[in-house]
Amino acid sequence: MSMGGSNGVSITVSDEEECDELGRTRARVRRKRKKTSYRAKSELAQRVIRWLVKYWLFLVFVPATVLLLYEASRVGRKTSPEIDSKHSSRVERRPMMNLNRLDPKYRFVHGVRERCLKLLPQEELEYLDIPVDEGSTGPVNKVLYISERDSLDLEGSTVLSSQLTETTRFNLFTGNQTLDQREKSFEVNETAMVHCGFYSDNGGFKISNEDKNYMERCEVVVSTCAFGGGDDLYQPIGMSGASVRKVCFVAFWDDITLSAQEYAKQTIGEDGFIGKWRIVVVKELPFTDQRLNGKIPKMLSHRLFPHAKYSIWVDSKSQFRRDPLGVLEALLWRSNSVLAISEHGARSSVYDEAKAVVNKHKATPEEVEVQLTQYRHDGLPEDKRFNGKKALAEASVIVREHTPLSNLFMCLWFNEVVRFTSRDQLSFPYVLWRLKVPQNIHLFPVCTRKDLVNSMGHLRKAKPLIR
């Protein structure tokens with residue numbers, strides 16, 4: 001292309017060169033704009049990162065707080081005012097991961113893996129029968145229970161009842177066992193005489209005549225209790241047909257537990273049962289301390305079931321998961337024992353256990369010291385074992401034959417729990433030592449206890465009685 005005038009200089013520029021120059025200019029412009037956009041985005045990202053680093057805690061905390069308040073409001077709407085005000089303290093629900101599990105437990109003995117609880121094969125359990133009673137052959141042939149009718153001073157018994165929450169836990173249910181009577185009760189004679197609850201007709205622990213009639217027909221019984229609305233009811237599993245036909249399952253409740261379970265849709269049928277459990281609602285519990293009320297069905301089953309030959313106690317925090325007749329055969333009949341109970345899993349000495357009880361606030365230092373002072377005075381040794389047996393027991397499962405000797409043992413154990421602390425682990429070794437007849441006591445390992453039950457733990461704190 002040519003440009004020029006009459007007096008100017010002519011400059012020639014080709015169309016190709018013009019296009020090249022224009023293309024280069026456009027290319028440079030495009031590259032420049034792209035670089036500017038990249039820098040802007042980079043600066044924005046850096047600002048966002050700096051802002052997140054600075055305020056990340058706030059961003060996490062606020063949504064978490066909102067979610068927590070929302071969930072708390074939902075729980076509050078679901079909680080029954082009746083349960084909150086009448087039945088229990090704050091309910092702590094725990095996962096029921098162990099419920100209805102039947103898997104066996106194993107342990108290694110001298111490098112060999114073996115079953116913790118060695119039951120008979122299932123086909124043999126179906127035909128297992130209760131042994132014929134051959135009569136007592138032990139050092140104790142008869143036990144007499146001291147009652148109000150044996151006392152000449154009925155006025156003193158009336159005064160005793162008013163001392164329930166003052167200086168002693170003895171009352172008209174227990175009778176006032178003196179120290180001299182306590183000492184004599186440990187003497188092993190052919191005929192023993194001992195306080196063993198149910199001292200007076202006015203002592204409480206009232207059961208309806210209908211329930212009494214049912215309990216009197218039981219020959220073998222599995223029992224539990226939940227007083228004060230403490231725990232739920234877990235149905236027993238793993239039973240043979242023979243046990244279903246021959247074994248009674250009895251759960252003791254009070255009115256507080258009854259109301260709490262009815263609210264949870266656990267309703268007693270017209271026949272008095274919930275599932276396999278016969279529910280016995282007890283009136284007029286004798287102690288304000290629900291732990292002591294629970295010791296009555298736990299330790300005095302021979303008094304509640306007068307015609308029963310065998311009993312198995314299971315704490316309310318556990319689900320019984322083995323065949324009852326098979327358990328009796330494995331833990332009593334096979335070893336010729338009258339009482340079977342689990343060894344303690346953590347400690348061996350009553351004095352070590354006393355320290356743990358105080359440290360865990362299960363009892364006051366003062367009441368524990370009163371008990372230990374008495375035991376030291378009586379000569380309880382520091383030894384961790386008696387006659388080769390572990391001294392300390394964990395009593396959430398108790399399997400026993402109702403013989404005069406085992407009945408006496410349980411009466412003495414109950415009296416120690418009433419006199420001192422409610423922690424029955426402290427008094428078991430003492431009673432074992434005082435009776436000096438432990439050859440028929442079977443202390444089985446912890447893994448056997450774990451094979452017997454599925455443990456759920458206590459769901460809520462039992463509400464004490466208010467008089």
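Here the structure is a predicted model, which is why all the values come from computation and not from measurement.
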query = Hey, what's the ring geometry for Y199 with H195, parallel, tilted or perpendicular (30° and 60° as the breaks)?
reply = parallel

ask   = Taking side chain as C-beta onward, heavy atoms only, is K309 less than 4.5 Å from L328?
value = no

query = Do we see a donor-acceptor contact under 3.5 Å between the side chains of D315 and S318?
reply = no

task = Test the R449-F444 pair against the cation-pi criterion, namely NZ or CZ under 6.0 angstrom from the six-membered ring centroid and within 45° of the ring axis.
result = no

inquiry  = On the six-membered ring of F170, is R419 placed so that its NZ or CZ lies under 6.0 angstrom from the centre and within 45° of the ring axis?
reply    = no

task = Answer yes or no: is there an ion pair linking D211 with R278, defined by an N-O contact shorter than 4.0 Å?
result = yes

note = Smallest heavy-atom separation, F305 atom then C218 atom, equals CD2-CB, 4.2 Å

Pair Q371-T421, side-chain donor/acceptor within less than 3.5 Å = yes

remark   = D271 meets the side chain to side chain donor-acceptor pair (under 3.5 Å) criterion, sequence neighbours left out, with none

request  = Measure up the F252 and F205 rings against each other and bin them: parallel (under 30°), tilted (30 to 60°), perpendicular (over 60°).
outcome  = tilted

inquiry  = Between R107 and E114 (salt bridge meaning N to carboxylate O under 4.0 Å), is one present in this structure?
reply    = yes

key: F186 and its ring-ring contact (aromatic ring centres under 6.0 Å, His included) partner, picked from W413, W433, Y430   = Y430

